[in-house]
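One structure is given below, encoded as structure tokens.
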2 protein chains.
Amino acid sequence: MKLMPSPTAAPELVLERFLPYRLSVLTNRISGQIARLYERRFDLTIPEWRTMAVLGRFGPMSANEVAERTRMDKVRVSRAIARLARKKRLMRRPDSDDGRRVVLSLTPEGRAVFEEIVPLALGVEARLLAPLSAAERALLERILARLEECAAANFAGSEDAASQRPPRGGAQRSSVSRRRAGIGSSRT
Amino acid sequence: MKLMPSPTAAPELVLERFLPYRLSVLTNRISGQIARLYERRFDLTIPEWRTMAVLGRFGPMSANEVAERTRMDKVRVSRAIARLARKKRLMRRPDSDDGRRVVLSLTPEGRAVFEEIVPLALGVEARLLAPLSAAERALLERILARLEECAAANFAGSEDAASQRPPRGGAQRSSVSRRRAGIGSSRT
DNA sequence: TGGCATTAGTTTCATTTGAAACTAATCTGC
DNA sequence: GCAGATTAGTTTCAAATGAAACTAATGCCA
């Protein structure tokens, strides 16, 4: 039987049971498999695939809208678009109403690739969910929604840090802040 | 009411509802928050933190054992160790029995940092789990375990790809295989 | 004993990444 | 109109990353 922890017992942290760590390992594995699949069969990175996915599903839109929908930053989107354009999987049409915008749309070839990938992607998802019962899936859905909400809230709450930024040429930055603040990419 | 899908209806893929994508976004957010926390307060990256976490919890071990426990590749571990050693948070003692091995252990300073972080990390986890009921947490545990199992199985099943590798100097590699096979880092 | 495969750990190198800077077009207030 | 602020998208640059090569010590077995 389990004894009561002594009043002074330090709480334990075992990495293998720590939720953020577990999520990270799990997600990276899944993303890795998917990335390999897309790369090997379609010469497609995950940012490229995500871009195609939203264009394929929702039709033409600007790079910014792609960034919002995929939650990728605009740099990644910009590069994904450049590569897709090079491979002739999407077209960029300057917006006549707003000279800054560029409207993106899949080429017929891009759409063909998209339509070939969709069932594969859904198949991966189905295989992942296969061992779960319907009830478990429903609960997973709810749990994910809550965690997303919670993470988004905390996320928003910590954005202040970047507010007062010194200009680039501005000489010194502490060695701490110099070490990349960059963070959670997961090429996924 | 919902109509039956027509026999020819293509299954739909909406990125925002696609499990691998959702996991990725969620995980990156969480990892990002944590990384910011560790970096700002302790000048510690996630690979460094993971290394300290296993050394702090399980005591001295070799770099390889750290890699196994943290599921990081040995390159990452090697670099994390180098940085931690530079910052005097861990010590490397050559193993007298096996000249290849180096036994790592936290310095007193490293341990102090470790003990300061543990409650913070557990706090982050607790905040994440706060909106979930006990029943939901239990089910989350089960679901995670199943997904991990499933992902690990598929993972193992797809390792063959790297088997016959051409030597480095070996002239050409296809543009496909040249484009990094690298994948799911998520600096997490 | 000696040679060849293996293991621990590091280094090299090509690539990805994102914050910050940058360019160019549009909006805003006056 | 028109100056300054904002927005769309790209480029620059300093890391981080990991596959493959490398170095060095062991294991194995003949």
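The basis for the numbers below is simple: all heavy atoms, side chains too, and nothing from hydrogens, waters or symmetry mates. Protein chains get the first letters and strands the later ones, always in sequence-line order, with residue 1 at the start of each.
The side-chain hydrogen bond (donor to acceptor under 3.5 Å, both in side chains) search around D98(A) returns R100(A), not counting sequence neighbours. For E148(A), the salt bridge (Lys or Arg N to Asp or Glu O under 4.0 Å) partners two or more places apart in sequence, or in a different chain, are R22(B). With sequence neighbours left out, the salt bridge (Lys or Arg N to Asp or Glu O under 4.0 Å) criterion links R57(B) to E12(A). Take L129(A) and apply the side-chain contact (heavy atoms from CB on, under 4.5 Å) test, not counting sequence neighbours, and it matches E125(A), L132(A), R137(A), L140(A), L19(B). Shown here are the ring pair (Phe, Tyr, Trp, His ring centres under 6.0 Å) partners of Y38(B), two or more places apart in sequence or in another chain: W49(B). Remark: R142(A) pairs with L139(A), R146(A), E136(B) by the side-chain contact (heavy atoms from CB on, under 4.5 Å) rule, at least two apart or across chains. With sequence neighbours excluded, no residue forms a side-chain hydrogen bond (donor to acceptor under 3.5 Å, both in side chains) with S78(B).
Straight-line distance from the CG atom of N64(B) to the P atom of dT26(D): 15 Å, rounded to whole Å. Rounded to whole Å, atom C1' of dG18(D) lies 13 Å from atom CZ of R36(A).
Contact check of residues 68-75 of chain A against DNA chain C (heavy atom, cut-off under 4.0 Å) returns D73(A), V75(A). Within residues 92-105 of chain B, the residues approaching DNA chain C are R92(B), R100(B), R101(B), V102(B), by heavy-atom distance under 4.0 Å.
For the pair E65(B) and R79(B), both in contact range of DNA chain C, the more 5′-proximal nearest nucleotide belongs to E65(B).
For S62(A), taking side-chain heavy atoms from C-beta onward, the closest of the listed nucleotides dG18(D), dG9(D), dA8(C) is dG9(D). Proximity note for R83(A) (side chain, C-beta onward) versus dT17(D), dA8(C), dT16(C): the nearest is dT16(C).
For the pair R69(B) and F58(B), the cation-pi test (distance below 6.0 Å, angle within 45°) is passed.
Between S78(A) and dG9(D), a side-chain N or O to OP1/OP2 separation shorter than 4.0 Å is absent. A sub-4.0 Å separation between OP1 or OP2 of dT16(C) and a side-chain N or O of R76(A) is absent.
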